[in-house]
Structure formats: C-alpha cells, structure tokens
Amino acid sequence: MKTLVCTTPGQFEYQPGVKPELTPDHAILRIRRIGICGTDLHAFEGTQPFFTYPRILGHELAGELVAADNAPGFKPGETVTFIPYFNCGHCVACRAGKTNCCVSLQVSGIHMDGGMVEYLSVPTYSLVHGDGLSVDELALVEPLSIGAHGIRRADVQPGEWVLVVGAGPIGLGVMEFARIAGGNVIALDINESRLAFCRNKLHVNHTVLATDANVVEQLAMITSGDMPTVVIDATGSLRAINNAFQYMAHGARYVLVGLQKGDVSFSHPDFHKREGTLMSSRNAMRADFEHVIASIKDGQIDPTTYITHRVPFGQVRDDFAGWLDPANGVIKAMVEL
Ligand SMILES: [Zn+2]
Ligand SMILES: [Zn+2]
C-alpha cells in the first residue's frame, strides 16, 4: 500500500505502508479523494500549531467502504466520508455533547496519521453516509462543516451583517452558511482575485479589500453606520485577528474559526464598550456535517467550484510546494485515487 509521509517540514516521501486489517468497531475505507487544506499546507511549511513529524497528512476524505465491524446501516461498496475528529467520549466536553473540542481530541492527519494512503481504518462512529454526493463533493464536506459550525456558534440571525475575514476555502464555507442562515455577507481579504471569486461564484454583494486605508469607513457605509454584528475570522493570521476587533458593532459576536500560534491582543476599553462576545470555533460536529450534506443536495451550495487543481496521488509530492505559492491561485486542490 502506497502512503505519502510528511517526514519533516518541506519534505514528502512516498513510503510503503501496511494495508490495515479490520478491527472491532472500525471500518476500512479505500480512499478515493483527498482535499488539501490550509492545515496541510501549514504542516508542510512547519507553521501549524500542535504538530509533530513524521506525519501522514490528509483529513478531507471521501472513500469507498470496504469492510466495517459494528456499523449498522452501512454497506460495503457505499461511498462515505467520516468525521476525522476522534474523541474520548467521557471528558467534560464529550459529556456535554461537544465532541468537537474533546480534551484529548485526536484529529486524523494532524495528531495521528491521516488519509494520504490507499486504505485507512477509522472508528465506525465517525462514518457519514455519502447520501448520493459525488466523491469530489464528499471530500469537501469536512472543510465546509468547519464554516457551518462557525456560523452555528455565531448563531447568525436573518438580516444580520456578517463580516467574514479571509476568503480562502474555510472563509468561503463560512460565507455560504452565513448566507444560508439569512445573513448579509461582507467578504474582507487582502487578495482582490479572491474577492472577485466571492462576488462571481458565491454572489457575495459586498467585498472590501483589507489593504484599503478606509476599511472601517467602507464597513460603516455598507451597514448604514451599524457595523457588522457578527465578525468571523477565517484567516488564522494574528494581524488580521487583532485588526478585526475594530470592525465589531456594539453588541457584536466575534468568532475565531482560524487558528494561529500567537497571543491575541485587543483594547479592553474598546471591546468592553461594545459588550463584545469573543469565541473560538473548533472543528465541527455531526450536525454540521449533516447540514452541509443537505445543503449540497438541495443545491444551495456547489462546492466543486472551489476545486482549482487536481492531481493523481502519485503527483502530490511534486506539486505540493507549488500550492503554497499565492501566484498559483489555489483555492482547493483535490487528489484523486
Ligand atoms: Zn481541513
Ligand atoms: Zn472527550
């Protein structure tokens, strides 16, 4: 079995692996699609928090169910994805149903070896039915679920102004689910071509270039002076995160979906006078995966428009470094097996 191992930052190696055997309460998947995520790019660069090497990356996966033990309702041969956040089931977060932020969470492809392999064993509790989606669509369910979860955390109400900072793949998902929740989306990014993508493909009516001198004034103009009542960071950039506190309306919620390594800082008086709410949004839950799949099935989102690059598994090592270069315009690279 071929595997692709990130041996150290900046280095990939194809290595022979052992095809997994069926064990109790587990399923074997034949991997068909691997979506490449910002986390994978940061892991390769060596800038991802909580990361050790060597590691097999890959957590945005679609595959064929080869065999399963104790998976009622799942049939060999069906197309599935899975929730790649493995939880302990008994910590304080798990007991509260917040398995996405389990105290000892193990994310496939981050804390443990993931899906850049031909066959993968996963716990059966993590399986999600493909429900008629294509393997391309299914491999996009996980990153979209991150956005759906962020919007659920923010509890976006119809008619609210939702500022989404960062128009990468995670930010695009945030925008889609903000719209589905009835929010009025404003996209903010430093890259004009990404903003053009939001206008043309996602029908986002309001976009603001983050490098403009008068971002606050532009946001005030768009929101008739109110400013956004929901601000969501999807950049994972410390500078962007610190900067966006000033975009909050009085009474606003600020949700950090992106993650970076440093300490966030903001003016307490400015935050206090707004009675701001700051929260993080980690991973996603089964309800988010189901919401995403239903939204794709309903035609409310067509995430395959995000796929800008496609490669066979054998070519990932050679192409991967290029996906880090903004000049290549990667939104989502998809690996085919
Ligand atoms: Zn991801
Ligand atoms: Zn737990």
Side-chain angles (χ1 to χ4, degrees), residues 4 6 25 31 33-45 47-51 55-63 81-117 120 122-123 125-126 128 135-151 166-177 232-237 256-260 280-286 288-289 292-293 303 306-309 316 320 323-324 330-335:
L4 181 58
C6 186
D25 299 313
I31 302 299
R33 290 290 185 279
I34 309 164
I36 303 299
C37 164
T39 305
D40 302 317
L41 299 170
H42 295 148
F44 180 75
E45 276 182 324
T47 54
Q48 181 67 21
F50 315 124
F51 218 86
R55 179 65 68 222
I56 297 177
L57 308 179
H59 58 272
E60 301 182 358
L61 302 162
T81 185
F82 69 98
I83 304 170
Y85 330 121
F86 305 143
N87 60 83
C88 78
H90 50 75
C91 74
V92 60
C94 286
R95 290 198 308 274
K98 295 170 71 78
T99 50
N100 58 311
C101 61
C102 168
V103 171
S104 43
L105 194 76
Q106 294 278 301
V107 180
S108 179
I110 296 180
H111 309 101
M112 57 194 288
D113 285 341
M116 291 196 178
V117 294
L120 184 67
V122 301
Y125 72 76
S126 69
V128 179
V135 281
D136 284 339
E137 289 170 330
L138 267 183
L140 291 160
V141 169
E142 189 272 344
L144 287 165
S145 299
I146 305 278
H149 188 68
I151 291 302
I170 295 293
L172 297 179
V174 171
M175 292 175 208
E176 304 264 38
F177 287 97
I232 303 209
D233 175 78
T235 66
S237 148
L256 305 182
V257 174
L259 172 64
Q260 52 77 42
S280 63
S281 177
R282 189 174 180 200
N283 302 321
M285 297 166 73
R286 180 168 288 273
D288 302 306
F289 277 67
V292 170
I293 289 171
Y306 304 177
I307 302 172
T308 50
H309 295 63
V316 177
F320 199 90
W323 297 334
L324 290 160
V330 177
I331 294 175
K332 181 59 72 180
M334 190 61 76
V335 180

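When a ligand or atom number is given, it counts from 1 through the structure's own listing order. These values consider heavy atoms only, across backbone and side chains, with no hydrogens, waters or symmetry-generated copies.
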Exercise. Could you confirm whether Cys91 has any N/O/S atom lying under 2.8 Å from the Zn ion (ligand 2)?
Key: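 Short answer: yes, at least one N, O or S atom is under the cut-off.
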Quiz item: Less than 4.0 Å between a side-chain N and a carboxylate O, is that true for Glu60 and Arg33?
Solution: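 Not counted as a salt bridge, because no side-chain N and carboxylate O are separated by less than 4.0 Å.
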Quiz item: Should Phe86 and Thr99 count as side-chain neighbours, where that means a heavy-atom distance under 4.5 Å?
Solution: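 With C-beta onward as the side chain, the pair stays apart.
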Quiz item: Are any non-hydrogen side-chain atoms of Leu105 and Asn283 less than 4.5 angstrom apart?
Solution: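 Yes, at least one pair of side-chain atoms sits under 4.5 Å.
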Quiz item: So among Glu142, Arg282, His59, His111, which one has a side chain to side chain donor-acceptor pair (under 3.5 Å) with Tyr85?
Solution: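 Testing Tyr85 for a side chain to side chain donor-acceptor pair (under 3.5 Å) against Glu142, Arg282, His59, His111 leaves exactly one candidate, Glu142.
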Quiz item: Roughly, to 10 degrees, what angle do Cys102 atom SG and Cys88 atom SG form around the Zn ion (ligand 2)?
Solution: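 The two atoms form an angle at the metal of about 100°.
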Self-check item: Vertex the Zn ion (ligand 1), arms to Cys37 SG and Glu60 OE2, rounded to 10°
Solution: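 The angle at the Zn ion (ligand 1) comes to 90°, rounded to the nearest 10°.
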